[in-house]
*Asks:* 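There's a structure below that I have some questions on.
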Amino acid sequence: DDYYDQAAVLAVKRFQKAYWLDATGTVDIPTWRALAHGVVRPSRPATGPPPEGEIRIEIDTEKLTLTLFCDEKEWRTYPIAAGRWETMTPVGEWRIVDKGERVGGPFGSRWMALDVPWGNYGIHGTSMPWTIGGYFSSGCVRMFNEDVEEVFDLVPSGTLVTVKGYLPKMDFTQKIGLGSVAPEVVLLQQRLR
């Protein structure tokens with residue numbers, strides 16, 4: 001019920017004790033790591049061999065999925081984590097402009113930068129697998145490291161990435177003119193299409 005009440009505290013204490021952690025009832029990083037132990041990767045299986053045609057990516061921030069399309073046929077769907085409500089994943093059509101391996105830390109094993117003009121956003125792995133399936137990032141798309149490694153090897157720089165889903169709060173009081181860069185411009189372009 002989204003309320004951390006006494007019953008939840010007792011359940012967390014029992015869980016912590018079972019995993020040889022300090023049974024404080026407070027959820028900390030060691031507790032999250034223990035919760036992530038045995039996390040399964042609930043991705044939909046591929047629909048054939050690795051794609052060889054034109055590849056594009058579609059991210060749905062409502063369903064929390066990343067789907068790889070090959071020649072407009074769905075090839076595989078992966079679970080993701082998206083941006084928190086305060087730092088939403090930018091909706092729109094983007095391109096992968098840079099790729100990096102072994103980036104480490106919270107970015108996991110791979111990084112694919114998107115050409116979003118108002119910030120640094122990308123698709124990357126994670127050192128916090130328990131966040132997959134929720135809204136935890138600062139706007140980036142997180143994937144299980146095994147999944148992002150597979151996608152990384154299949155998509156070249158320049159790959160189209162369409163992000164659909166929740167839109168951030170819009171400010172319609174500001175004028176949009178030549179050179180404007182903002183989520184409102186993306187919405188304007190979508191509506192004009």
Side-chain angles (χ1 to χ4, degrees), residues 36 38-85 87-103 106-168 170 183 185-193:
V39 169
V40 294
R41 293 172 48 225
S43 57
R44 277 196 250 153
T47 59
E52 293 181 7
E54 185 176 335
I55 297 174
R56 73 175 181 87
I57 294 173
E58 185 174 287
I59 295 168
D60 188 324
T61 63
E62 291 182 35
K63 295 179 182 175
L64 294 170
T65 57
L66 180 149
T67 303
L68 221 70
F69 287 86
C70 180
D71 291 332
E72 292 307 312
K73 292 181 186 159
E74 185 177 319
W75 184 71
R76 186 168 187 177
T77 299
Y78 305 88
I80 64 162
R84 296 183 300 272
W85 296 111
T87 55
M88 297 174 83
T89 302
V91 170
E93 290 185 353
W94 316 113
R95 296 269 177 194
I96 294 175
V97 292
D98 189 29
K99 294 171 63 175
E101 294 185 47
R102 295 185 272 297
V103 287
F107 300 110
S109 60
R110 300 290 185 275
W111 164 262
M112 293 175 279
L114 301 176
D115 65 346
V116 179
W118 60 82
N120 295 318
Y121 297 95
I123 302 167
H124 61 79
T126 183
S127 60
M128 300 172 280
W130 58 86
T131 63
I132 302 299
Y135 300 95
F136 290 96
S137 80
S138 295
C140 288
V141 173
R142 293 182 188 171
M143 300 178 73
F144 287 115
N145 285 324
E146 306 86 62
D147 291 345
V148 78
E149 289 169 14
E150 182 174 89
V151 172
F152 183 94
D153 290 341
L154 293 170
V155 301
S157 286
T159 298
L160 176 66
V161 178
T162 304
V163 180
K164 62 182 189 174
Y166 297 113
L167 291 170
M170 299 284 174
V185 175
V186 175
L187 180 63
L188 172 67
Q189 292 168 339
Q190 287 176 339
R191 296 287 164 90
L192 288 172
R193 273 193 213 121

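Along the sequence shown, residues carry numbers from 1. All of these numbers come straight from a predicted model, not from anything done at the bench.
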*Asks:* Output yes when a side-chain donor or acceptor of Arg102 lies under 3.5 Å from a complementary backbone atom of Ser109, and no otherwise.
*Replies:*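 No: the side chain of Arg102 does not pair with the backbone of Ser109.
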*Asks:* Would Glu72 and Arg56 satisfy salt bridge (charged side-chain N to carboxylate O under 4.0 Å, His left out), going step by step from the backbone distance to the final call?
*Replies:* CA-CA 8 Å; Glu72 292 307 312; Arg56 73 175 181 87; 3.0 Å; yes
*Asks:* Under 3.5 Å, side chain of Asp115 to main-chain N/O of Arg95, donor-acceptor pair present?
*Replies:*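 It does hold such a pair.
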*Asks:* In the structure I gave you, are the side-chain heavy atoms of Arg142 and Thr131 within less than 4.5 Å of one another anywhere?
*Replies:* yes
*Asks:* Just how far is it from atom CD1 of Ile59 to atom CG of Leu114, taken to the nearest 0.5 Å?
*Replies:*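 Rounded to the nearest 0.5 Å, the CD1-CG separation comes out at 6.5 Å.
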*Asks:* Pair Tyr166, Trp85 - check ring pair (Phe, Tyr, Trp, His ring centres under 6.0 Å), show working.
*Replies:* CA-CA 9 Å; Tyr166 297 113; Trp85 296 111; 4.9 Å; yes
*Asks:* Hey, what do you get for OG1 (Thr65) to OH (Tyr78), rounding to the nearest 0.5 Å?
*Replies:* 12.0 Å
*Asks:* Between CG of Leu160 and CD of Glu54, what distance do you get to the nearest 0.5 Å?
*Replies:*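 Rounded to the nearest 0.5 Å, the CG-CD separation comes to 8.5 Å.
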*Asks:* Can you find a heavy atom in the side chain of Arg110 that is under 4.5 Å from one in the side chain of Lys99?
*Replies:*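 Not touching, per the 4.5 Å side-chain cut-off.
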*Asks:* Please name the pair of heavy atoms, one in Val155 and one in Thr159, separated by the smallest distance, quoted to 0.1 Å.
*Replies:*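 Reported closest heavy-atom pair: CB-OG1, 3.6 Å.
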*Asks:* Can you tell me if CD on Glu101 sees more than 12 non-hydrogen neighbours from other groups inside 6.0 Å?
*Replies:*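 Result for CD/Glu101: enclosed.
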*Asks:* To the nearest 0.5 Å, how far apart are CD1 in Ile80 and CG in Asp147?
*Replies:*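 These two atoms lie 11.0 Å from each other.
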*Asks:* Taking Asp98 for its side chain and Met112 for its backbone only, find out whether a donor-acceptor pair lies under 3.5 Å.
*Replies:* no
*Asks:* Can you see which heavy atom on Leu64 is nearest to which on Gly133, and at what distance?
*Replies:*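 That closest heavy-atom pairing would be CD1-O, 3.2 Å.
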*Asks:* Checking Thr67 against Glu74: is there a side-chain donor and acceptor pair closer than 3.5 Å?
*Replies:* no
*Asks:* Between Glu52 and Cys70, which heavy-atom pair has the shortest distance, and what is it?
*Replies:*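 Where Glu52 meets Cys70 most closely, the heavy atoms are N-SG, 3.8 Å.
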*Asks:* Find the distance between CE (Met88) and OG1 (Thr61) and round it off to the nearest 0.5 Å.
*Replies:*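 Separation between the atoms: 6.0 Å.
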*Asks:* Quick one: does Leu68's side chain get under 4.5 Å of Ile57's, heavy atoms only?
*Replies:*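 Result yes, sub-4.5 Å side-chain heavy-atom pair found.
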*Asks:* Counting C-beta onward and ignoring hydrogens, is there a side-chain heavy-atom pair between Ile123 and Phe152 closer than 4.5 Å?
*Replies:*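 Ile123 vs Phe152: side chains apart.
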*Asks:* Could you tell me whether the side chain of Thr87 and the main chain of Ser137 form a donor-acceptor pair under 3.5 Å?
*Replies:* yes
*Asks:* To the nearest 0.5 Å, what is the distance between CD (Glu149) and CG (Leu154)?
*Replies:* 12.0 Å
*Asks:* Over all heavy atoms of both residues, which pair between Tyr121 and Cys140 is shortest? Give the atoms and the distance, please.
*Replies:*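 Distance-wise, the nearest heavy atoms are CA-SG, 3.9 Å.
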*Asks:* If you compare all heavy atoms of Trp111 against all heavy atoms of Ala113, which two are closest, and at what distance to 0.1 Å?
*Replies:* NE1-CB, 3.4 Å
*Asks:* What are the two closest non-hydrogen atoms of Tyr135 and Gly83, and how far apart are they?
*Replies:*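 Heavy atoms of Tyr135 and Gly83 come nearest at CD2-O, 3.4 Å.
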*Asks:* Near Asn120 CG, under 6.0 Å, is it more than 12 heavy atoms from other residues, nucleotides or ligands?
*Replies:* no
